[in-house]
Asker: 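Got a structure for you, questions after.
Basis for what follows: all heavy atoms, side chains included, without hydrogens, waters or symmetry-related copies. Below, chain A is the first sequence line, B the second, and so on; all start at residue 1.
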Amino acid sequence: MDATQAAVRFEGVQKSYDGETLVVKDLNLSIAKGEFVTMLGPSGSGKTTCLMMLAGFETATRGEIYIGQRSINRVPPHKRNIGMVFQNYALFPHMSVAENLAYPLKVRGIDKAERETRVLRALDMVQLAPFANRRPGMLSGGQQQRVAVARALVFDPDIVLMDEPLGALDKQLREQMQYEIKHIHERIGVTVVYVTHDQSEALTMSNRIAVFNDGVIQQLAPPTELYERPSNAFVAHFIGENNRLDGIVRSRDGDICQVELGDGSMVRSLAVNIGGVGSRTTLSLRPERVTVHAKAGEIDNVFAGKVEELIYLGDHIRTRVSLCGQDDFIVKLPNSDRHAMLEPGANVHFGWNAGDCRALDG
Amino acid sequence: MAKLPPYVTLGDRLWTLGYKLLCGLIYLFLIAPILVVIPLSFNAEPYFTFTPEMLHFDPAGYSLRWYRDVLGSEDWLNAFRNSFVIGVFATLIATLLGTVAALGLSNSRMPYRASVMALLLSPMIVPVIISAAGMYFFFSNVGLSQTFPGIILAHAALGTPFVVITVTATLSGFDRSLMRASASLGAPPATTFFQVVVPLIAPGVISGALFAFVTSFDEVVAVLFLSGASQRTVPRQMWSGIREQISPSILAVATLLILLSVLLLATLELLRRRNERLRGLR
Amino acid sequence: MADSTPILGDDGLTLKAKLRQAERRNKLKTFGLTVPLLAFILVTFVFPILLMIARSVDNPVPVRAIPQTLEALQSWTPPTLPAEATYRLFAEELLAADETGDLGRLASRLNYDLPGSRSALTRLGRALRRGAEDGQSYRALFEEVDPRWSEPEIWAGLKALDGRLTGAYYLAATDRTRDVDGDIVLQPENTRIYIGLYLKTLWVSLLVTLFCVLLAYPIAYQLATLPTGRANLLMILVLLPFWTSLLVRTTAWIVLLQSQGVLNDILVALGILDDEGRVQLIYNMTGTIVALTHILLPFMVLPLYSVMKTIPPNYRRAAISMGATPSRAWIDVFFPLTIPGLGAGSVLVFILCIGYYITPALVGGRTGQLISSEIAYHMQSSLNWGLAAALGTILLVGVLALYWIYDRLVGIDNLKMG
Ligand SMILES: Nc1ncnc2c1ncn2[C@@H]1O[C@H](COP(=O)(O)OP(=O)(O)O)[C@@H](O)[C@H]1O
Ligand SMILES: [Mg+2]
């Protein structure tokens, strides 16, 4: 993407709270106008800090943040025109829902009639018009969440930031809200920077996901690419389920390399992110990409394994297998009559293609 | 000191500075009396202000004479003895009654909880001058005025609300399923009480007791109304010291009392930490 | 489903009844724990206060000492003087009362209602003991002893003493009295004390509450926003005075504020005052207000602090992200949420202030006394216990009303110390 068109741009941003450890290390990120970008990472990885720097409640220790063409390091937070949804919503408990929504318009000096129409429009958007005069404390968690979203949007901000906005909701409501937020975004096309530690949330909603760990973006990519083509072991492990096989690179031929595992088996893999021959690597293999009763010649890698345990999960059967010297190798079998049930203790051949087995950093 | 963000204006800076200065002055107001009393109690002269020698840190300006005065005075020593005796007994009564009552009050099944609580806490709210006047009428009718038991009972009554408050607060955070757990593990009720309940509420009980002790140790109105010459307490002695012949020895006593409150504060803080640790809050 | 039979236990009681029984037993057991303290508080605290309230209307002496005179006076009305027979009856009853010592008590009692009338009665007692001259009427004797006996006022005063209960102390406590005709009127302006004093007490309490708010708010805010470590350190500065003996703090204020005291010395040394121009900061209202503000300040800081502590910082951030300036966000969002704490602290400080005795008594001088000093004065010096009790009862009613408001506002359960 052309950096000059970006709605938001972090350039070499660093942050340290105590002057010793860097919580955010050299962050570079461009977000296009109208894009929905999610910062995904484990707790403590610096996501909130990035958001707070963008909103202006924390100052970057080094680097520049741009909104459009303009560096905002010297712009105070109330002039940044950024809407924000906080984790616990931060709805003002002493104001009614309508007053909460009217607040950003009021501080902008918008007159009363205009305020009312815009508040009503925003409430309609989240289907909460009948609740306009309630206090936030009298709403359910999901309703509060929607009020918070409406309040962040009602003043037509350039950018909306959401910091784990669904964290306090139960699973079902969370999934419903994910779609609602996604649809609102699609409808009004505002730029959204979304923070979560829940991968399925990130995969559902985002145009692009920035996977954070330890203050560094590990990979920035659209959801499918992130899942299908993780560029390092952290991402592979963090997004979706994944078999890890540690080994050493023995040879390389273009995109394909041969990796020797601990028990001496040789695996043909896709060389994604490896050092030279002889370096350590971690192979990443999605459990659903493993074939049962594989025959040599039809598929790149075939190994004999022993079925240890079967767990019935409805739509699929999780099978734990001893394979290549590892006893926690997972294979996902779809629950269909095409597959004969395996028996625990059975010796079976498992196989996978080199393209599904990614050799990543060690 | 956190670095201020780059968009902060000069006005903001001045405002922050002014605010900090204001807070500093308020803390000074709070602490000034204590700061003044301590050095002046070492004054070599019978004045209530800093002599030039004191200001120049001339050792000759300082002395322990007022402490010697106090420690050599039968009146003061008696007063300290009386205060401790009255305080200890009043605390024992208040703590015992208050803790037992708190065990009931913290139970959600307690009937008329709010009204009983309001009644039990009222000695803290009703002006002491009124309680003391009432007690004066009552105690002279039953022959308790000008006796130690009379003052002890009065102080116990004034101290119970503090015990009730602190112990109920401790108990409100007390997980009753612990008692069921203990019972389910085979402990008889008495064992449960002493092995499980007591250790957990002990910090609350002790801080309640300290409050009750301080209430008694610092109380002067009831003493003015109820005591005779032989029950003079430290505050009573200070009261007449201030009213009649104010002498710097009163500052020496004041310093000793400040020392006592520092010790109490430290004890309370330790108890609070212990309490938090016991509950795994830190 | 509809006609379900009640579940029976083996002793024939329905399960429901048994449950209710067990519940009742549990409640009784719980209540039983509070009984010892309740009994103790009732005996040592509530009952004495009821006794004091009783004192404020109790009037045993007149009906005991001069019952017939009082009865005779009921048919008399001013402005004439009573009949000779009433004089004689009164003289006889007075002589008898002199034997039991009631004459002195009656004189004091009359003196409360008619200041200065004590001597009229005691002199009369002395004269009656000597006996009347032959042929002299009682009326002449009375008027010879003291000219006040020729006025209807003193007789009206005696008449008003009738009754086992009296409202006279409450009249006196509200600067009222009865005129000759028995009507309640305000006392002459120069002898009105108490209404003014009550108002002054309320005013001072209001001022002290206001000062406490002004001083407590900034530091409570600072304590609530600083990181825990440093906040705890500063908290010591609030808690140490709180735990320090009242008399120590009062002494300290005298040392600081008196005209030869530390503050005046500093001002003189700095050249702000000259040595002759030292200001009197204590033994007057200033002293009372300063010392009371200092003593009650922690009671405002602590509730404010605990309320502010619970306001998430995200509220202000949310307001600012929506475009409010920091100060606007503070006014619109933070401040309104602290009002409960402000209310709780204010009522508490106000309650504690209106009944405060020690500090005003020690640093208030002549002008800085509050109503409590007057109660103490009548308890200890003038020994007009009825009046002390009436003054105390009025104060008590005020305090209990505020206590009730406090309970409504915050709940007594939330009263916390330290
Ligand atoms: N105000 C602060 N002061 C000091 N350290 C902080 C502060 N806020 C966050 N941190 C630290 O910075 C790191 C990143 O925190 P955060 O940005 O909140 O992570 P995330 O939102 O990804 O969970 C954590 O180690 C946290 O302890
Ligand atoms: Mg976070």
Asker: Select one option (side chain, backbone, both, neither) describing which atoms of C:Val290 are under 4.5 Å from chain B's heavy atoms.
Answerer: both

Asker: Show your reasoning for whether side chain to side chain contact (heavy atoms under 4.5 Å, CB included) applies to B:Phe225 and C:Gln380.
Answerer: CA-CA 8 Å; B:Phe225 280 39; C:Gln380 296 192 295; 3.9 Å; yes

Asker: Look up atom CZ in B:Phe50 and atom CD1 in C:Ile266, then write down how far apart they are to the nearest 0.5 Å.
Answerer: 8.0 Å

Asker: Which answer fits B:Val253, side chain, backbone, both or neither, if we ask what part of it has an atom under 4.5 Å from a heavy atom of chain C?
Answerer: neither

Asker: Once you round to the nearest 0.5 Å, how far does OG1 of C:Thr44 lie from NE2 of B:His155?
Answerer: 12.0 Å

Asker: Under 3.5 Å, side chain of B:Asp218 to main-chain N/O of C:Ser245, donor-acceptor pair present?
Answerer: no

Asker: Taking the six-membered ring for Trp, are B:Tyr19 and C:Tyr221 parallel (under 30°), tilted (30 to 60°) or perpendicular (over 60°)?
Answerer: perpendicular

Asker: Among B:Leu22, B:Leu268, B:Asn141, who wins on heavy-atom pairs under 4.5 Å with chain C?
Answerer: B:Leu268

Asker: Which of residues 251-260 of chain C have a heavy atom under 4.5 Å from any heavy atom of chain B?
Answerer: C:Thr251, C:Ala252, C:Trp253, C:Ile254, C:Val255, C:Leu256, C:Gln258, C:Gln260

Asker: Taking only residues two or more places apart in sequence, or in another chain, which ones meet C:Phe40 in a ring-ring contact (aromatic ring centres under 6.0 Å, His included)?
Answerer: none

Asker: Tell me, for B:Leu96 versus chain C, whether the close heavy atoms (under 4.5 Å) come from the side chain, the backbone, both or neither.
Answerer: neither

Asker: State whether the side chain of B:Tyr136 and the backbone N or O of C:Met379 hold a donor-acceptor pair below 3.5 Å, judged by distance alone.
Answerer: no

Asker: Can you name the residues that form a ring-ring contact (aromatic ring centres under 6.0 Å, His included) with B:Trp239, not counting sequence neighbours?
Answerer: C:Tyr357

Asker: Can you see which heavy atom on B:Phe137 is nearest to which on C:Leu51, and at what distance?
Answerer: C-CD2, 4.0 Å

Asker: Measuring heavy-atom distances to chain C, does B:Ala156 have an atom under 4.5 Å in its side chain, in its backbone, in both, or in neither?
Answerer: both

Asker: Less than 4.5 Å to any heavy atom of chain B: does that hold for the side chain of C:Leu234, its backbone, both, or neither?
Answerer: both

Asker: Report which part of C:Leu297 has an atom under 4.5 Å of a heavy atom belonging to chain B: side chain, backbone, both, or neither.
Answerer: side chain

Asker: Show the nearest heavy-atom pair for residues B:Leu97 and C:Pro36, with the distance to one decimal.
Answerer: CD2-CB, 3.7 Å

Asker: What part of C:Leu240 gets within 4.5 angstrom of chain B, counting heavy atoms only: side chain, backbone, both, or neither?
Answerer: both

Asker: At their closest point, which heavy atom of C:Pro241 faces which heavy atom of B:Leu30, and how far apart are they?
Answerer: CG-O, 3.4 Å

Asker: Which region of C:Val43, side chain (C-beta onward) or backbone (N, CA, C, O), has a non-hydrogen atom less than 4.5 Å from a non-hydrogen atom of chain B, or is it both or neither?
Answerer: both

Asker: Under 4.5 Å, counting heavy-atom pairs only, tell me which of C:Ile351, C:Asp265, C:Leu400, C:Val363 racks up the most with chain B.
Answerer: C:Asp265

Asker: Go through the atoms of B:Val262 and report whether side chain, backbone, both or neither lie under 4.5 Å from a heavy atom of chain C.
Answerer: both

Asker: At a 4.5 Å cut-off on heavy atoms, which part of B:Leu144 comes close to chain C: side chain, backbone, both, or neither?
Answerer: neither

Asker: Check whether B:Val214 gets within reach of chain C through its side chain, its backbone, both or neither, counting any heavy atom under 4.5 Å.
Answerer: side chain

Asker: Hey, which of B:Pro235, B:Gly134, B:Ala102 has the most heavy atom pairs under 4.5 Å with chain C?
Answerer: B:Gly134

Asker: Please test C:Phe31 against B:Arg113 for side chain to side chain contact (heavy atoms under 4.5 Å, CB included), starting from the C-alpha separation and ending with a verdict.
Answerer: CA-CA 9 Å; C:Phe31 191 78; B:Arg113 188 171 177 284; over 6 Å; no

Asker: Using non-hydrogen atoms only, which part of C:Ala388 is less than 4.5 Å away from chain B: side chain, backbone, both, or neither?
Answerer: neither

Asker: Pick from C:Leu352, C:Leu215, C:Ile49: which one has the most heavy-atom pairs with chain B under 4.5 Å?
Answerer: C:Leu215

Asker: Would a distance-only check, ignoring hydrogens and angles, find a side-chain to backbone donor-acceptor pair under 3.5 Å from B:Arg109 to C:Lys29?
Answerer: no

Asker: For the candidates C:Leu396, C:Ile219, C:Thr244, which exhibits the highest count of non-hydrogen atom pairs separated by less than 4.5 Å from chain B?
Answerer: C:Ile219

Asker: So, taking the atom named CG in C:Leu237 and the one named CG in B:Leu28, what distance separates them when rounded to the nearest 0.5 Å?
Answerer: 10.0 Å

Asker: Which bit of B:Leu25 is near chain C, if near means a heavy-atom gap under 4.5 Å: side chain, backbone, both or neither?
Answerer: neither

Asker: Quick one: does B:Leu121's side chain get under 4.5 Å of C:Tyr403's, heavy atoms only?
Answerer: yes

Asker: When heavy-atom pairs shorter than 4.5 Å are enumerated against chain C, which of B:Val37, B:Asp12, B:Thr168, B:Ile26 gives the highest number?
Answerer: B:Ile26

Asker: Under the side-chain contact (heavy atoms from CB on, under 4.5 Å) rule, collect the residues that match up with C:Arg20, sequence neighbours excluded.
Answerer: C:Lys16, C:Arg24

Asker: Can you tell me how far the CG atom of C:Leu37 sits from the OG1 atom of B:Thr160, to the nearest 0.5 Å?
Answerer: 5.0 Å

Asker: Where does C:Ala361 contact chain B at under 4.5 Å (heavy atoms): side chain, backbone, both or neither?
Answerer: both

Asker: At a heavy-atom separation under 4.5 Å, does C:Ile41 approach chain B through its side chain, its backbone, both, or neither?
Answerer: side chain

Asker: Testing the basics here: between C:Thr30 and B:Gly104, what is the closest heavy-atom pair and its distance to 0.1 Å?
Answerer: CG2-O, 3.3 Å

Asker: Counting only non-hydrogen atoms closer than 4.5 Å, does B:Ile250 touch chain C with its backbone (N, CA, C, O), its side chain (CB onward), both, or neither?
Answerer: side chain

Asker: Which heavy atom of C:Ser372 sits nearest a heavy atom of B:Ile129, and at what distance?
Answerer: O-CD1, 3.8 Å

